[in-house]
Amino acid sequence: MIAKDFIDKDEFAHKYNEDHARSYYHKHRKSWSSRLSDWREQGMARKALNYVGESKNILDLPCGAGRFWPLLTEKKDRSIIAADSSVDMIKIATEHCPKEMRPQIKLLHTSAYNINLADSSVDTIFCMRLLHHIGDAEKRRKILDEFYRVTRKSVLVSLWVDGNFKARRRYKHDQARDLKNPHRLRNRFIFKREEIEKEFSQAGFSIATHYDFLPGYSMWRLYVLQK
Ligand SMILES: C[S@@+](CC[C@H](N)C(=O)[O-])C[C@H]1O[C@@H](n2cnc3c(N)ncnc32)[C@H](O)[C@@H]1O
């Protein structure tokens, strides 16, 4: 049983209640286009995992609805710490987790700002679809510092970058929405590639490689960072 104790949360993170968790579980499965996109993301993650080589223990943070557990548990000698700041997301993920994967997965209710694990306690941190929600550079630095403390070797992190068709379209769209409603809360952000890469190196990481979802078109990029 996971305690619902106090945890650092951003505005956007409050939406991950039980209803949202259930719809998030189905989101990547419901249409052919979402299944295609999930397939592509899983492929990028597989390449990145192969790139970093042997990782006996991986922190999946945030694990969300456990979308990547089948991939992460493919290697039977690997253990996964599946962590999220939403108890409801963890609950939905475990409800859908196939029995055979369970022995490899330990659950952890924690925040990326303050990871409840010792220094250098995992080989790799696997962080999909979190950083594009964090618009504040100081907050990103706090998360990256925690990643640096907790990983022994590498971090795989996905986020939105500029320099592609979707980013240009999104900038225009965001500008129009800001004009209509200057006080609206934004909960997804596109990063300038050189700026985010500078943030990675300021936190002590080197960039080993990256994978683009669809080069020139899509905003999604998965970075492989090394300590
Ligand atoms: C868009 S989902 C991504 C989940 C999963 N990585 C995936 O790609 O399917 C974002 C997740 O981040 C979690 N989250 C938000 N803020 C967090 C924080 N500060 N620490 C840990 N998890 C957080 C939410 O609860 C949610 O499960």
Side-chain angles (χ1 to χ4, degrees), residues 2-30 34-46 48-49 58-73 80-97 101 105-117 122 124-147 149-151 155-160 185-190 211 213 218-223:
I2 297 161
K4 267 201 197 233
D5 48 6
F6 172 78
I7 208 133
D8 298 323
K9 275 202 173 173
D10 292 294
E11 271 305 309
F12 85 91
H14 290 284
K15 72 176 181 183
Y16 293 98
N17 57 25
E18 190 160 348
D19 284 347
H20 190 84
R22 271 187 210 290
S23 71
Y24 194 82
Y25 175 81
H26 293 291
K27 176 180 165 179
H28 296 281
R29 293 168 172 80
K30 68 180 178 208
S34 43
R35 286 195 294 276
L36 183 69
S37 139
D38 181 52
W39 171 82
R40 175 67 185 143
E41 241 184 299
Q42 302 273 349
M44 289 158 69
R46 180 186 298 281
L49 286 166
I58 295 186
L59 171 63
D60 177 17
L61 172 65
C63 66
R67 189 159 65 101
F68 290 96
W69 292 357
L71 171 69
L72 294 174
T73 57
I80 310 301
I81 301 175
D84 203 286
S85 63
S86 159
V87 176
D88 291 315
M89 288 300 270
I90 297 176
K91 182 171 162 242
I92 299 302
T94 39
E95 271 177 28
H96 290 94
C97 178
M101 286 178 205
I105 300 174
K106 264 197 220 141
L107 303 173
L108 178 68
H109 179 216
T110 196
S111 165
Y113 293 111
N114 187 12
I115 303 172
N116 195 7
L117 288 174
V122 297
T124 299
I125 296 178
F126 184 82
C127 178
M128 298 297 125
R129 294 190 176 221
L130 174 66
L131 276 203
H132 73 303
H133 285 300
I134 315 292
D136 182 285
E138 258 180 55
K139 287 184 170 184
R140 288 196 296 279
R141 180 59 193 263
K142 197 155 195 302
I143 291 177
L144 290 172
D145 285 347
E146 274 297 86
F147 285 179
R149 180 183 71 75
V150 169
T151 190
V155 174
L156 314 184
V157 61
S158 79
L159 40 74
W160 282 356
L185 272 180
R186 283 178 53 182
N187 65 4
R188 288 189 187 84
F189 303 87
I190 304 165
Y211 301 96
F213 184 96
S218 167
M219 298 185 280
W220 281 114
R221 173 171 282 192
L222 171 52
Y223 281 100

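Indexing begins at 1, ligand by ligand and atom by atom, following the structure's order. Please read all numbers here as calculations on a predicted model, not as lab measurements.
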When you look at F213 and R221, which way does the side-chain contact (heavy atoms from CB on, under 4.5 Å) test go after all the steps? CA-CA 6 Å; F213 184 96; R221 173 171 282 192; over 6 Å; no
Backbone N or O of L36 within a donor-acceptor pair of the E41 side chain at under 3.5 Å? no
Check: of A45, C127, G64, P62, min heavy-atom distance to atom 6 (N) of ligand 1 comes from P62
Measure the CG-OG1 distance between D60 and T124 for me, rounded to the nearest 0.5 Å. 12.0 Å
Using heavy atoms and a threshold below 4.0 Å, how should the contact between M89 and ligand 1 be classified: side chain, backbone, both, or neither? side chain
CD1 (I143) and SG (C127) are apart, to the nearest 0.5 Å, by 7.0 Å
Under 4.0 Å between heavy atoms, the region of R67 that gets near ligand 1 turns out to be side chain
To the closest 0.5 Å, what do you measure between CG (L117) and CG (L61)? 9.0 Å
When you compare ligand 1 with H133, is there at least one nitrogen or oxygen pair between them that comes in under 3.5 angstrom? no
When rounded to the nearest 0.5 angstrom, what is the spacing between CG in D38 and NZ in K27? 10.5 Å
How does L61 reach ligand 1, if at all, at less than 4.0 Å between non-hydrogen atoms: by side chain, backbone, both, or neither? side chain
Within 4.0 Å of some non-hydrogen atom of A112, the atoms of ligand 1 are 18 (C), 19 (N), 20 (N), 21 (C)
Should R129 be counted as touching ligand 1, given the test is an N or O pair under 3.5 Å? no
For T110, counting its heavy atoms only, list the atoms of ligand 1 lying under 4.0 Å from any of them. 21 (C)
Does D88 have a heavy atom less than 4.0 Å from any atom of ligand 1? no
Hey, are R140 and D136 close enough for a salt bridge, meaning a charged N less than 4.0 Å from a carboxylate O? no
Which of parallel (below 30°), tilted (30 to 60°) and perpendicular (above 60°) describes H132 and W160? tilted
Run the contact test for I143 against ligand 1 with a 4.0 Å cut-off on heavy atoms, strictly below, and give the result. no
Hey, which atoms in ligand 1 end up nearer than 4.0 Å to a heavy atom of F68? 8 (O)
For ligand 1 and L130, I'd like to know whether there is a polar contact (N/O to N/O, distance under 3.5 Å). no
Keeping the roles fixed (side chain from E146, backbone from I115), state whether a donor-acceptor pair exists under 3.5 Å. yes
Atom indices of ligand 1, in the order listed, that fall short of 4.0 Å to a heavy atom of M128: 3 (C), 5 (C), 6 (N), 8 (O)
With a cut-off of 4.0 Å, which atoms of ligand 1 are near a heavy atom of Y113? 19 (N)
